[in-house]
Structure formats: C-alpha cells, structure tokens
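Chain A is the first sequence line, chain B the second, and so forth, proteins listed ahead of strands; every chain is numbered from 1.
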Protein chains: 2
Amino acid sequence: MTAARVRSGGRPTLEEVAARAGVGRGTASRVINGSPRVSDRTREAVQAAVDELGYVPNRAARALAANRTDAIALVVPEPETRFFAEPYFSDIVRGVGSAMADTDMQLLLTLVGSDRERARLAQYLAAHRVDGVLLVSVHADDPLPDLLEQLDIPAVISGRRSDHETLPSVDSDNLEGARGAVAHLISRGRRTIAHITGRLDVYGAQCRVEGYRKALATAGLDSDEQLMVSGDFTEEGGRRAMARLLDHRPDLDAVFAGSDVMAAGARQVLRERGLTIPGDVALIGYDDSAIARHMDPPLTSVRQPIEEMGRAMARLLLSEIAARRPGEVRPLQRPQIVLPTELVTRFSS
Amino acid sequence: MTAARVRSGGRPTLEEVAARAGVGRGTASRVINGSPRVSDRTREAVQAAVDELGYVPNRAARALAANRTDAIALVVPEPETRFFAEPYFSDIVRGVGSAMADTDMQLLLTLVGSDRERARLAQYLAAHRVDGVLLVSVHADDPLPDLLEQLDIPAVISGRRSDHETLPSVDSDNLEGARGAVAHLISRGRRTIAHITGRLDVYGAQCRVEGYRKALATAGLDSDEQLMVSGDFTEEGGRRAMARLLDHRPDLDAVFAGSDVMAAGARQVLRERGLTIPGDVALIGYDDSAIARHMDPPLTSVRQPIEEMGRAMARLLLSEIAARRPGEVRPLQRPQIVLPTELVTRFSS
DNA sequence: AGCTACGGTGGGAGCGCTCCCATGCGTGAT
DNA sequence: ATCACGCATGGGAGCGCTCCCACCGTAGCT
C-alpha cells in the first residue's frame, strides 16, 4: 500500500528519504540514529538524501514508536518568588539551555503554583510525558521528589534537601562560601561578626550557618548565639534581624547576611542608626545579585555559579537518561555535584 | 488483531477505556475531546472509565494522528542579556505560564544564541514541531518574524518592531509611560528636563523619546536637542550620557532615563559631581526593576505590566492557533495589544 | 406503512517512526 | 569446494491516537 506514495507537499518522511537513497526504511532509520551497523556507502547515500530533502524526523512519530519523548521538564514551584528573583531563574535557564543546545532534547518549562497544578503535574509525570525532570528550589517536605523516585523517572535536584540527599543533585558549596566570607571579614580585622540567617528549614541556609561557625572557630572567636538571628530571606526580615542584633550586641563590627536582600534590609537599619558601612560595620551578602552591585556602598557578596549549576544539572540528567536507554553502557556520573562559590569583594567590607 | 489485547502493566490506552465503558474507540475519543455528538449516558460511562483507569491521553500518538503538537515555543534571543535581567524574563514566563495553566498546551523554552542555533530553530519551525511561537525581544532586523510569516506559523511578538507591525503583538504604552513620567517631573516644578535614551533602533526607545517630547510640548517647555543623549541601555552608557548632559546643560534640574540601569549610571555621575537627588536633580528610570527599589535614594520608575503582557501574548497566540483549527469559528482577537504602564513614585523625584 | 433524515455509534485506515525478524550475501574455516 | 557464521539490509508489525465513512435505529414526514 505504501508503495505508491506520492511526494506530498508537506515535510518529507523517512520513507521518502529511503526511496531517494535507494535503501529500505530500516536502513535509513539506522543512519539517522547513528547506528554503527551500516556500511559507509549506504550511510553517505542516506545522508545525501536527508540533506537534499531537508528531512527532519517527526518527533511525535519517533516518540510514539520508541516510547520516549526526547523532552525534559524544568519544574519551578511558582509561589517561590525568591527563585524568580535575579539571579536564579534566568541563570539556571541559561545554563540548562546551553547544556542542551547540542542535544535534540526539548526543554519544557513547568510552573507549579496551586495544588491543582501540582496534581496535574503528577498526572503528567505518571503518564511519562517527559524523559526526565529538573527540580529547582525544592522544600524539604515537598512530595514531588519522592513521587519521581517512585515513578522511576530520572530527576536531578538543585540544592540538596539534606546531607543525605537521595536524588542526584547539584549544589553550591554553601558552607565554604559562608566560611570564606566570614574569614574575609576576620582578615580585615573584624572581631564581632553577626550572621543574619535565611530560613533554617532550607538546607543551604543551615550550611551557611555552619560555615559561619567554622570560620569563627578557626579564628578562635566568640560564637555568641546572640550574634545569630534569622531574617527569613526577606528584606523586612533583614531589617528586623539587624535591629535586634544592634539592640543585643551594639558592639558588633561586621554582619554576614545569608542573602543580598536581607543585607539590603540590614543596610537600611544601619543607616538609620547612623552607622557607616564599612566604617562602623562591614556588611557581606550572598547571591551577588543586582542589588549587591547597585547598593550604596556596593555590597561584597558570595557568588554562586548558578549558570554552571544549571549546566551541570542538565548534563547530569541527560547522562542519567542515557544510562537507562537500552544498549547504553556509559558509566553514570557521580550523582552529587557541589560547585565552588566565589567571594566578590566590593566596598561594603 | 487488536481484539485480544491484554491489560498491559503500563498506562491505559483509549482502547482500554472504550472497552471498559462498553463503547467503541471512536466514541471514547469523542468524549475525551469534548465533541457534542455524544449522548449523555455514553459520555458519563466513558468519563467514569477514564477516572477509574486514570487515563491520560498519549501526547505523541495524538500529535501524530492529528498533525499538531499542542506545544508552543517561547523563543528567547540569548545574546540579549538585557532581556534576562529583572524584571523581563521571569515575569514574561510567569505570565505565559499562568495563561497556559488551564490549557494542556506545553511551553517549550528555546534559547537561540549562536547562528548555528538559529539555523536549528529555523529547521525546527519548518518541521512544524510547535503549534505557535512567542517571540520576545526581537530586533528590527531579525529575520525570524518573516520566516514565521512565510511558514504560516502562528506567532506573537512582544514589543512592536515599528508602528506598522505586521505580526500580532503585545506591547506596553511606551509613549504614554514616558509622557507620564516627564509630566510628573513638570508637575513637581522641574523645568529643564533631560532624557537619556535607549538605543534608538529599538522602537520602544523611540516611543519613549516621543513621549518625552510630547510632555515638554504640552507644558510649553524647551526641547533642546542638547537635553537628549543616548545611553544605549547600559550603565556605562548612562554614566557617559549624564556626564555629557551636565557638561552641556549644567542648568538641568531633572533627568528621565530610558531604563533603570541607565539611571543607575546617571546617579553615580550626579553624586560624583556633588549634586543631590532629588534636591538638585530629580531622576526617573524605566522598568521598575530591583535596582530602582534598592537605589539610594529609591528611584521613581515606570513600571510595565510585564507579567500581564506575557499573559496577553499567550492568550493571543492560543486564540490564533484555535482559529486555524478546522471547525473553529471563534473570532480572532484584535492582534495589536497595547497595555498601560504605571509610574511608581519613590524618592528620587 | 413506507420513505427520508439525522443523531449516535463502531471501527478501518493511517499518521511516521522504531523494533525486530527474516533474508541474502560475503567471508573464513574445514 | 562446502558449510557455517555474521554483517548489512528490507520491510512487517505495531506504537495510540484522530479522522472519517458506513451503519444502525428512531423520529418525522407523506
């Protein structure tokens, strides 16, 4: 039946490519998918036909026949506005995008906000409509990661949820980043260093606390609990925390904030109380966002290699997916990647 | 042959749903696709079977059979770093996402950087692998829009390329936004108002110039060409422009910058020269970005409803796609949408 | 009663691909 | 020269769906 197919006006099919190259459909398919079991002559003939016809495989047909989608989803929890702020979101996307540029995988963007959308996503995943999932900004109690493990869908998470993360993950070295920042303050002669922490149910925030403590301990400095207040990652939280710190420990000479936004809040209070930065109090933030660059004075901050993290996530996921495809023997990458941070020194410290 | 299909361990198929509901495959399909030509009894029976089995249509099969993809692409030109800065990218994505939340359309994110990637995208589009395209941050000389028109692929563009845009578009009212900002300065008693423009090959920047001029004309104020300098949308450009303005017109008492980033550059120069904001010179930016909120003093700025624009783009595209589907008679939306801006007043003005 | 009309329905064909089995041929061992 | 083996190849079957045509039954008409 298929014999007398006329060259339709539409896109060329594999069948047409095969006919033009004078080979069978199966052989053409082999060439296009890079199978080694094809002679060089044949390969060239098919390749020529592909080029002449401008053949592009039909994704849907391929997906249907091979039972895969050649797509991965980047799942973003929407209420998490922090993630949408610079620099996270766009940099992650860029990193992921660059890692996928040479692949013919598609990147699906999935924002999950309401519970209804979460349910939809779960259904989505259960229907195996993507080959893998990139999960960013996950809370410790989010059921999504477990769901993914149950469904046996390859997934990579950004930022570990704890120190015994089960999913493959990419994180930055929060402990070391914080330690370095505080060590820097110490090297500049600061001795009474406070820390405005993020929400401590976030593992990364815990690590930063640890780094802070470690730096103090190394220098043999006081690690008074009154020097540590939570700022909840918000500007208002940073303000409140700073006020409280000054009330309890007016002798402090430096503040390490767990985020630039909190540092901005802290700065306001410092100003209000007539304290100069860095004269009276040195200030360091975390994230190296636009706020840090444009603050007055410009804020020293810890930069995470977000784009690089996105790239690493994508690569990890792709290798994870490839490893599960039949015939592949490519060794799995080490599934827990921790990338180094960098202290960007400006005038606030 | 298909008769004796065993209930496989995998996802249920339409066939299984039909069998369970005691109807034919065609009827089950009709119910799932919301066709009106089904009796209520049957509809309920099928719906019940769907629920019990947890049936989710196989996207690939549907795409293959119906020759559509149920996916749209958000195409982002990568070198355009300005777009990736707050607030554009994330807000557009959120808007688009929210408009698509109730659809079962997928959002594909496509970053095009190098020419190779551009070529790939063109191939992609030629192969009709998406039902429509959302184009953001397009330059006047970008060949992509024309390609899309040629291929007859539904597309919506953000920001008109000129005042006779041919593609459906969503834009904010740059002219009115600028006019309002300058009028605000005038109402505060400013009389010698300069404008640091963006790159004038960007249509939006031209509109802002027009708005600036219009406001001055309305108030019967001087519109000296020396009061207008290009800042190229960069911070350094803003600095240079400000310096030049002060050299030529040291008597100016207000500056309207075409972006917050340029305003930040301008602010630095004003400070360096010992001028106070807003005492000596009032300053207004454009975009209402994080920079504006955290500048010292906080910067009055023109806010564009970016998220709303994203939503509008998605809606426009979806209606465009629906209109081309056979059987649909839904009227097309007006294809040129211009959304109002809002002046966010802070302390710099 | 006999005819048409039409809403509701079942299922064949086919979308374009991958998978896999069967076929044919060349090669080396005997 | 003969046999067995293996590599390159062709093409059938089938992935799960939509489209469409044929069919059935009932209602409304003459």
Side-chain angles (χ1 to χ4, degrees), chain A residues 1-19 21-46 50 53 55-70 104 127-129 325-327, chain B residues 1-19 21-46 50 53 55-70 104 127-129 325-327:
Chain A
M1 291 308 141
T2 21
R5 168 96 42 82
V6 188
R7 275 294 305 285
S8 62
R11 278 79 66 190
T13 70
L14 227 210
E15 190 95 42
E16 287 164 11
V17 170
V23 301
R25 209 174 62 260
T27 304
S29 173
R30 258 166 244 135
V31 171
I32 283 157
N33 292 291
S35 158
R37 338 189 107 274
V38 183
S39 70
D40 289 347
R41 272 186 61 79
T42 309
R43 184 184 317 283
E44 283 160 27
V46 172
V50 165
L53 262 36
Y55 171 75
V56 180
N58 181 317
R59 242 193 155 72
R62 179 177 273 178
L64 181 58
N67 192 34
R68 53 182 170 131
T69 63
D70 285 337
D104 64 349
H128 283 263
R129 295 215 282 219
R325 299 247 226 253
Chain B
M1 290 307 139
T2 21
R5 168 96 41 82
V6 188
R7 275 293 307 285
S8 62
R11 278 78 66 190
T13 69
L14 227 210
E15 190 94 41
E16 286 164 12
V17 170
V23 302
R25 209 175 60 258
T27 304
S29 174
R30 257 166 246 135
V31 171
I32 283 156
N33 291 291
S35 158
R37 338 188 106 275
V38 183
S39 70
D40 289 348
R41 274 184 60 80
T42 309
R43 184 185 318 281
E44 282 161 28
V46 172
V50 165
L53 262 35
Y55 171 77
V56 181
N58 181 317
R59 239 191 156 72
R62 180 177 271 179
L64 181 57
N67 192 35
R68 52 179 170 135
T69 64
D70 285 337
D104 64 349
H128 283 263
R129 295 215 282 220
R325 298 246 228 253

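- Between D/dT18 and B/Asn67, no contact under 4.0 Å exists linking OP1 or OP2 to a side-chain N or O.
- Taking atom CD1 of A/Ile32 as the reference point, atom P of C/dC19 lies 13 Å away to the nearest angstrom.
- Judged by distance alone, with hydrogens and angles left aside, the side-chain atoms of A/Arg11 form no donor-acceptor pair with the main-chain N or O of A/Asn58 at under 3.5 Å.
- Comparing atom distances between the A/Ala61 side chain and each of D/dT18, C/dT18, C/dG16 picks out C/dG16 as nearest.
- Contact annotation: B/Ser29 does not reach the phosphate of D/dC17 (side-chain N/O to OP1 or OP2, under 4.0 Å).
- Taking atom CZ of A/Arg68 as the reference point, atom P of C/dC17 lies 13 Å away to the nearest angstrom.
- Judged by closest nucleotide on DNA chain C, B/Val23 is the one of B/Val23 and A/Arg30 placed further toward the 5' end.
- Following rounding to the nearest Å, A/Glu15 (CD) and C/dC15 (P) show an atom-to-atom distance of 10 Å.
- Heavy-atom nearest nucleotides on DNA chain C were determined for A/Ala66 and for B/Gly22, and the one closer to the 5' end corresponds to B/Gly22.
- Looking at B/Arg30, its side chain never comes within 3.5 Å of a backbone N or O of B/Ser35 through a donor-acceptor pair.
- At a cut-off of 3.5 angstrom, counting only N and O atoms as typed in the model, there is no donor on one side facing an acceptor on the other between the side-chain of A/Arg59 and the base of C/dG16.
- No donor-acceptor contact under 3.5 Å links the side chain of B/Arg37 to the base of C/dT9.
- Among A/Ile32, A/Val31, A/Asn33, the single residue meeting the side-chain contact (heavy atoms from CB on, under 4.5 Å) criterion with A/Ser29 is A/Asn33.
- Closest to the side chain of B/Leu64, from the set D/dT18, C/dT18, D/dG16, is D/dG16.
- Atom pair B/Asp70:CG and D/dG16:P shows a separation of 18 Å (rounding to whole Å applied).
- A sub-4.0 Å separation between OP1 or OP2 of C/dT18 and a side-chain N or O of A/Arg62 is present.
- Between the P atom of C/dC15 and the CG atom of A/Leu14 lies a distance of 14 Å, rounded to the nearest Å.
- Between the CZ atom of A/Arg25 and the P atom of C/dG14 there is a distance of 15 Å, rounded to whole Å.
- Within the 4.5 Å cutoff, the side chain of B/Arg62 has heavy atoms near those of the B/Arg68 side chain.
- Checked against D/dG16, C/dT18, D/dT9, the side chain of A/Ser39 finds its nearest nucleotide in D/dT9.
- OP1 or OP2 of D/dA8 has not a single side-chain nitrogen or oxygen of A/Thr42 nearer than 4.0 Å.
- The interatomic distance linking A/Asn58 (CG) with D/dC15 (C1') rounds to 13 Å, in whole Å.
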